[in-house]
Amino acid sequence: MKFGVVVFPGSNCDYDCYHVLKHVLGRDTDFVWHKDSDVSKYDCLVLPGGFSYGDYLRTGAIARFSPVMDAVRRHAEAGKLVIGICNGFQILLESGLLPGAMLRNKSLKFICKYVTLRVEETDTPFTRRIAKGALLRIPIAHGEGNYYAEDAVMESMHKNRQIVLRYADADGWITDEANPNGSRGNIAGICNEKRNVFGLMPHPERSSEAELGSSDGVKIFRSILDVAEAN
Amino acid sequence: MKAKVYVTLKKSVLDPQGKAVQQALSSIGFGSVKDVRMGKYIELDLGSTTAPEAEKELKAMCEKLLANTVIEEYRFELN
Amino acid sequence: MKAKVYVTLKKSVLDPQGKAVQQALSSIGFGSVKDVRMGKYIELDLGSTTAPEAEKELKAMCEKLLANTVIEEYRFELN
Amino acid sequence: MMATSEITPEILQRHGVTPSEYEEIKRILGREPNLTELGIFSVMWSEHCSYKNSKNVLKLLPKDGKRMLVKAGEENAGVVDIGDGWVIAFKIESHNHPSAIEPFQGAATGVGGILRDIFTMGARPILCMNSLRFGKIEESGVKRLVSGVTAGIAHYGNCMGVPTIGGEVYFDESYEGNPLVNAFALGLARKEEIVKARAEGTGNPVFYLGAATGRDGMGGASFASKDLSEDSQKDRPAVQVGDPFLQKLLLEAVLELLKTGCVVGIQDMGAAGLTCSTCETASRGSTGIEIDVKKVPQRETGMVPYEIMLSESQERMLVILKKGREAEAKRIFEKWDLHAEEIGFVTDDNLMRVKENGRTVAEIPAKRLADDAPVYTREEREPAYFKKLQAYDPKSAGPAGDLNAALLKLLDSPTIASKEWVYEQYDHMVRTNTTVLPGSDASVIRVKGTKKSIAISVDCNSTYCYLDPYEGGKIAVAESARNVACSGAAPLSVTNCLNFGNPHNPEIFWQLKRCIEGMRDACLAFDTPVSGGNVSLYNQNPRGAIDPTPTIGMVGLIEGRAPVTSHFKKAGDVIFLLGENRDELGGSEYLKTLFGVKAGRVPRLDLAAAKTLVDLLLALASKGLLASAHDCAEGGLAVALAESCISERGREIGAQVSLTAGRLSPEALLFGESQSRVVVSTDPKHTQAAREVIESFRYPYQEIGTVGGSQLSVDGLLRIPNKVLTHTWRDSIRRRMEAR
Ligand SMILES: Nc1ncnc2c1ncn2[C@@H]1O[C@H](COP(=O)(O)OP(=O)(O)O)[C@@H](O)[C@H]1O
Ligand SMILES: [Mg+2]
């Protein structure tokens, strides 16, 4: 299982993802520069968080034109895995690899804090090691995580079971108070119809070591390992 | 040739920023303001080109980059 | 009465966003774009009022809240 | 060089150059300066760059220590050895005035500037902190400042990917109209990676890297160019706009470049931009430097040399390369999409020479310009208020009445209340090293690949410094050392930002000197040398000066252990109070919040006891005996207990406490601010061991209760449910910021 962590100008969680994959999980991991156009040797690509191109214009809007994105698209079309975290999720939305778009948080403020996530779907390569309905404590850190999709898209995502993570309260209820950013349906993470592309606003790489306060995030990365290593 | 592009959120999309601005206006004495919608205003210098050409290019720029048509609408003016 | 407010950075103020957008446009094939300046476009519904009254209020709103006059300029239209 | 006589007394005055300084300039040049040269001298000899009014008192601060690799004043930031080949570079700097004019951009560029100082040293910035001070939060103008400043800090730090892991926010009327924004940054490097800001090697090329130069931040000096260029007058921005994205690229490119070994010296362009970076690198290298301003990338048209040399545009660096290694460097600049231009070279004539298209427009001995600014010793006088306010008897305020209500009022006071509303806007977790998140006494960052952690605390009780600058200066250092020790870290070194009023006022200068003397004595007692800092004078509003505010940034080191946090951990743990409760309500937050009184004799700090406490905490921590440790500061013991119960969201827990009052009034017992006290808790199985350690240090202590339940109860004095404490304390600032 070989991971590639894509580095865009302004990415700043690239090293954090690399650290978890390489040092915590001991997997073969490279950085992939955004001007590269060959990603064929990787099984899973990680689009990390940060402020690619300063988040200017819209989050992810400029990064999606980076040369590497054509390769990411082909990689996804070939059924290989892509996970976009925070800014990486925003890039996946802008590039159309996932449906919907991001608006500014309803508080209009950047928010960095731990949230509780409820795992809605477990038949994805990214959550298969986790029980359905399980609660994960993972931090968010974003100014634009207010997910929006129009009604028809919401319906089809629902029908295809693409809504993977939702913001929940400590008891697992999906409430407005538990929604940190105004996201439609408390959506925190979604996958595509083929289930090989996953985007989420929370940062699993920040909660993958007990020393940091939670290791719930590592469950997501471990799920990915299982998939590939079973194949 | 110069162009002005206006990018606004679609009517169906909630505008948190507009709402916050409206509340702020109301708190400083402009309570009669009924609605506020925030958008982007982009001025471009297109260099030397013709109007039809510019029109075509602008449309492409908006579709590809300047607006996200999932949530936004755009219009532009040339002069 | 409806109003449109345009808020732009003063000319000599650095516009990092505009610069980034220009570079992005250039990298996707619009290299002839010479300059991009980003601003805000705000639509307001002022409720029922008169034009002179609205004009006065809008000016006050801009000065107090809508524009940051240390670095920005504004203009507006009523209709 | 032309010897024109374009310098009129009026021009001198507008440059803030005194007649005697002008005579000195002429002596240095051997002729009259032209306008460009005058501009260059005026910025280099400004208070900001030359410390002319503070240098003589700054000398009092101890700079030496066995861990100090780069000492205060030598480079952009001090460097401290943390062992095993690792070093840290850190500094705190003010951006008060720009933040008052434009809070968002002012604070943002303050963060940008301090980060540049750190990575210029070859160290990767791994954390930011800040100290913010505002007037009363209820005022709408203050709210605008609070939201602008915090959003600005978030904007820059978050985008750079450097976690902002803590700081302090303090509210007091004296900061009305003159907020303080002090930004701290710390970077990590291997010892051999530290680089110097030196221009060496005649003929080596000088590169300009980063953003193009515009007419930014020339506020004070702007008039002078009026006659020089027409379009400069219109729309001159008094504030600079930061581009954190560009700086993120600069950061990565510079660190990559430094690894290649093709850099001779590097310096950021901060205050006084090109002027300062060229003459300082030449002065430090004992060389000369020649640049041509026509080669400097420019954002605006028609800029004249004066403007280019004085511009304070952000996100720019000066890089001196080894000759012949240019191509290597250029590849890195291109990789990061950065604009670089060769603008000059190193010379051997010790001059800073500025040309415009080959014509010399300024020529100044670099060392004299950089290092020989005049130094003044100002007159000092004990302020009229000093004795009068000392004489105030806190008893005259009367009793508190309902003690529960008094505690809630203190917890609701924005200075004491949770700063969650602020730090939630900062990405405090990026880089996945923050092992103690904001909210404890000190924030802690682990150093990956080692067993080391770094603990930081930024502190200053400016009310104390106003009432008694000497004690206040001492206490600021002692409190920050105590905070760091509460996390289990050994205090290593201090950086400081001296925020004061106008030094020409003898009473202000007295405050400055007395604060520094207090800091000196405390730094000596803790063996924490001052590694650097910054001075910000002339902090005044129409009603007078701000309270003296020597912000201390204390850095400590934890080796091979997990950090300790402030929060009680589990029911049954035993609570100790280390230290003595005395009758010390003078200068307290209690008097200020409940009675609107800022007066009295501030608590005395015994340095020997303070040092013993630090050693004791380290001994307890190293033996793994501490479940929690939280120091008593503003609001006294009652606030410390309440915070120990509720400071961790979702893990609130109560405590059952009983105190022996002795001769103290309940008010003094609960809310007095006696120094060198810490509330600690231990697992019952460690209680005996903890007692033995404490007794071996002969430090006064009491066993005051146990952790558990859902309320804070202090026998006969207080009883408040956690829910009420939490709601009051956690949401105080949010409530006020969101109130319309
Ligand atoms: N209060 C202070 N205590 C100790 N050193 C100080 C203090 N203020 C400034 N210095 C030192 O003086 C030198 C010059 O500071 P400054 O001009 O702010 O540097 P820069 O321009 O690089 O930011 C620095 O090394 C700084 O650490
Ligand atoms: Mg500097």
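Quick note: numbers below take in every heavy atom, side chains included, and nothing from hydrogens, waters or symmetry partners. Residue numbering restarts at 1 for every chain, and letters A, B, ... go by the order of the sequence lines.
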Could you tell me the separation between the OG atom of Ser107(A) and the CZ atom of Arg734(D), rounded to the nearest 0.5 Å? 9.0 Å

How close do Leu249(D) and Pro9(A) get, heavy atom to heavy atom, and via which atoms? CD2-CB, 3.7 Å

Using the rule given for side chain to side chain contact (heavy atoms under 4.5 Å, CB included), can you reason through Lys109(A) versus Trp421(D), listing the C-alpha separation, both sets of side-chain angles and the distance that settles it, and then say yes or no? CA-CA 10 Å; Lys109(A) 293 196 184 316; Trp421(D) 183 90; 3.2 Å; yes

From CA spacing to verdict: side chain to side chain contact (heavy atoms under 4.5 Å, CB included), Phe110(A), His155(D): CA-CA 9 Å; Phe110(A) 189 96; His155(D) 169 68; over 6 Å; no

If you count heavy-atom pairs under 4.5 Å with chain D, which of Glu205(A), His23(A), Lys35(A) comes out on top? Lys35(A)

Would you tell me whether Tyr56(A) and Asp243(D) have side-chain atoms, one donor and one acceptor, within less than 3.5 Å of each other? yes

Would you mind checking which part of Leu251(D) comes under 4.5 Å of any heavy atom in chain A, side chain (CB onward), backbone (N, CA, C, O), both or neither? neither

Where do Asp55(A) and Cys159(D) land on the side chain to side chain contact (heavy atoms under 4.5 Å, CB included) test, with the steps shown first? CA-CA 9 Å; Asp55(A) 273 358; Cys159(D) 183; over 6 Å; no

Do Arg446(D) and Glu209(A) meet the salt-bridge criterion of a basic N to acidic O distance under 4.0 Å? yes

To check you understand the geometry: which heavy-atom pair defines the closest contact between Gly10(A) and Lys248(D), and what is its length? CA-CG, 4.1 Å

For Thr432(D) and His19(A), the nearest pair of non-hydrogen atoms, with its separation, is OG1-CD2, 4.4 Å

Using heavy-atom distances under 4.5 Å, tell me whether His142(A) contacts chain D through its side chain, its backbone, both, or neither. neither

Contact origin within Ser207(A) toward chain D - heavy atom pairs under 4.5 Å: neither

Under 4.5 Å from any heavy atom of chain A, what part of Thr434(D) do you find: side chain, backbone, both or neither? backbone

Charged N to carboxylate O below 4.0 Å: is that the case for Asp427(D) and Lys113(A)? no

Heavy atoms of other groups near Trp173(A) CH2, more than 12 under 6.0 Å: no

Nearest-0.5 Å distance, SG of residue Cys112(A) to CD of residue Glu424(D): 8.0 Å

Is Lys448(D) in contact with chain A via its backbone, its side chain, both, or neither, using a 4.5 Å heavy-atom distance? side chain

So, Phe51(A) versus Phe245(D), ring centres under 6.0 angstrom or not? no

Closest non-hydrogen contact found for Arg206(A) with Val430(D) is NH2-CB, 3.3 Å

Do other residues, nucleotides or ligands put more than 12 heavy atoms under 6.0 Å from the NZ atom of Lys723(D)? no

Asp16(A) side chain to Arg431(D) backbone, donor-acceptor under 3.5 Å: yes

Can you tell me how far apart CD (Glu252(D)) and CG (Asp14(A)) are? Round to the nearest 0.5 Å. 7.5 Å

Part of Asn433(D) within contact of chain A (heavy atom distance under 4.5 Å): backbone

